[in-house]
Amino acid sequence: MNSKSSRFYTKQLHYPLFLDISGKSCIVTGGGKIAERKVVMLLKFNADVKVISPKITATLSKLSESGKIEVIEREYKDGDLDRASLVFAATNKKEINERIKKEAAVRGIPVNVVDDPVLCDFIVPSIVRKGPIVIAVSTSGVLPSLSKKLKKEISGYITEDYIKYARIIGKFRKLLIEIVRDKKKRAEIMAEINKSDMKELIKMNMNEIKTRFLKESR
């Protein structure tokens with residue numbers, strides 16, 4: 001591979017990052033099916049969603065009527081991104097998407113422009129979410145169909161046992177941080193938990209877990 005090709009593939013790599021968008025303003029421009037999918041996913045992560053589009057789908061209309069999202073029924077105009085934390089440009093007009101990208105860049109707001117990787121600051125991975133477990137799968141835009149295939153396979157692997165384990169041990173870990181001040185000791189306890197049988201642990205209640213793993217930690 002020559003140096004030019006190497007640079008091309010390097011640019012296609014995206015740094016994986018999980019953002020806390022709960023209660024934060026996320027703007028979606030466009031009101032079609034693609035915009036609808038973006039909105040539905042944002043709501044799953046408790047974002048404060050505003051849609052800007054002269055026309056919207058029936059689903060978006062219902063979400064607006066129920067108060068779950070805000071809808072401004074007109075074309076995007078400069079200034080619409082004020083106070084936004086994240087932007088999705090999903091219009092079918094390239095010139096509007098480019099204006100949105102420009103305003104987002106000036107304001108320092110990450111933007112995803114649908115089907116135009118050159119204008120994107122980030123891409124959206126295929127997401128597996130089961131309880132507190134969230135797994136993002138991406139091929140850096142090279143082969144989205146593979147991301148969807150991997151998402152399906154991974155989703156089947158995450159059983160109810162893993163969800164229960166994540167919840168109960170996650171709750172215990174929070175307690176552990178409060179009770180045990182010694183970081184080294186906490187690490188030793190978590191290492192012991194990691195070596196333990198998951199199916200056995202998810203059958204235990206919190207008092208049983210505390211008795212077993214905190215017996216010598218106080």
Side-chain angles (χ1 to χ4, degrees), residues 11-130 134-152 155:
K11 289 180 181 178
Q12 301 308 301
L13 297 177
H14 292 80
Y15 181 72
L17 183 68
F18 284 76
L19 294 174
D20 177 11
I21 60 172
S22 180
K24 295 179 180 177
S25 175
C26 295
I27 293 178
V28 178
T29 59
K33 286 295 183 181
I34 293 176
E36 178 186 304
R37 289 198 296 271
K38 302 299 183 186
V39 168
V40 170
M41 182 57 69
L42 287 169
L43 289 176
K44 288 181 179 180
F45 292 88
N46 303 317
D48 181 8
V49 182
K50 179 189 292 183
V51 174
I52 301 172
S53 178
K55 295 181 180 180
I56 57 175
T57 65
T59 296
L60 290 175
S61 181
K62 289 178 181 178
L63 289 171
S64 176
E65 290 170 2
S66 65
K68 293 182 178 179
I69 65 173
E70 178 185 354
V71 173
I72 299 177
E73 294 191 47
R74 59 164 170 75
E75 295 279 10
Y76 156 85
K77 65 180 182 180
D78 293 343
D80 279 344
L81 307 188
D82 186 34
R83 293 188 294 277
S85 295
L86 210 61
V87 176
F88 290 83
T91 79
N92 57 3
K93 298 180 179 179
K94 185 175 177 62
E95 64 275 15
I96 292 180
N97 289 342
E98 289 176 344
R99 284 172 52 207
I100 293 168
K101 166 63 178 179
K102 183 177 180 179
E103 181 180 352
V106 170
R107 293 177 178 271
I109 305 168
V111 61
N112 173 273
V113 180
V114 175
D115 293 332
D116 199 337
V118 175
L119 295 181
C120 289
D121 294 314
F122 67 95
I123 59 174
V124 181
S126 293
I127 297 173
V128 178
R129 182 182 179 187
K130 291 191 175 184
V134 180
I135 299 173
V137 184
S138 173
T139 57
S140 291
V142 174
L143 191 60
S145 60
L146 177 57
S147 295
K148 293 177 181 179
K149 176 179 172 62
L150 291 171
K151 171 187 174 180
K152 185 176 180 180
S155 181

Q. Is there a side chain to side chain contact (heavy atoms under 4.5 Å, CB included) between Ile21 and Asn46 once you walk through the steps?
A. CA-CA 7 Å; Ile21 60 172; Asn46 303 317; over 6 Å; no

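With Leu81 as the fixed residue, the side-chain contact (heavy atoms from CB on, under 4.5 Å) test singles out one of Val106, Ile27, Val111: Ile27. Each of Arg99, Lys101, Arg107 was scored for a salt bridge (charged side-chain N to carboxylate O under 4.0 Å, His left out) with Glu103, with one residue passing: Arg107.
A cation-pi arrangement is found for Arg129 relative to Phe45, the charged atom lying closer than 6.0 Å to the ring centre and inside a 45° cone about the ring normal.
Between the CG atom of Leu63 and the CD atom of Glu70 there is a distance of 13.5 Å, given to the nearest 0.5 Å. Atom SG of Cys26 and atom CD1 of Ile69 lie 12.5 Å apart (nearest 0.5 Å). Rounding to the nearest 0.5 Å gives a distance of 13.5 Å between CD1 of Ile96 and NZ of Lys77. Taking OG of Ser126 as the start and CD1 of Ile135 as the end, the distance is 12.0 Å to the nearest 0.5 Å. Considering CG of Leu60 and CD of Glu36, their distance stands at 5.0 Å, rounded to 0.5 Å. Between the OG atom in Ser85 and the CD1 atom in Ile109 there is a gap of 7.5 Å [rounded to 0.5 Å].
The closest donor-acceptor contact from the side chain of Ser138 to the backbone of Pro125 lies at 3.5 Å or more, if one exists at all. No side-chain donor-acceptor contact under 3.5 Å links Ser53 to the backbone of Ile56. Formation of a donor-acceptor pair under 3.5 Å by the Ser61 side chain with backbone atoms of Thr57 is not found in this model. Under a 3.5 Å cut-off, the side chain of Asn112 and the backbone N or O of Cys120 do not form any donor-acceptor pair. No side-chain donor-acceptor contact under 3.5 Å links Lys38 to the backbone of Ile34.
The closest side-chain heavy-atom distance from Met41 to Val124 is not below 4.5 Å. Annotation: side chain of Val51 is not in contact with side chain of Ile72 (no heavy-atom distance under 4.5 Å). In this structure, Leu86 and Leu19 have side chains that are in contact, with non-hydrogen atoms separated by less than 4.5 Å. Residues Phe18 and Asp20 form no side-chain contact, since every pair of their non-hydrogen atoms from C-beta on lies 4.5 Å or further apart. Considering only heavy atoms from C-beta on, Thr29 stays 4.5 Å or farther from Asp80 through its side chain. Inter-residue side-chain proximity for Glu75 and Lys93 is flagged as met; some heavy-atom pair is nearer than 4.5 Å. At least one side-chain heavy atom of Asp116 sits under 4.5 Å from a side-chain heavy atom of Lys94. Counting heavy atoms from C-beta on, the side chains of Ile100 and Val113 never come closer than 4.5 Å.
Shortest non-hydrogen contact noted between Leu42 and Val28 is CD1-CG2, 3.8 Å. Considering all non-hydrogen atoms of both residues, Val134 and Ile127 come closest at CG1-CG2, 4.1 Å. Residues Lys130 and Ser155 come closest through the heavy atom pair NZ-O, 2.6 Å. Scanning all heavy atoms of the two residues, the minimum distance from Val114 to Ala90 falls at CG2-CB, 3.8 Å. In plain terms, the two heavy atoms of Leu43 and Ala47 that are nearest each other are CD2-O, 4.0 Å.
In this structure, a donor-acceptor pair under 3.5 Å is present between the side chains of Asn97 and Thr91.
With a 6.0 Å radius and a threshold of 12 heavy atoms from other residues, nucleotides or ligands, Arg83 has its CZ atom at or below the threshold.
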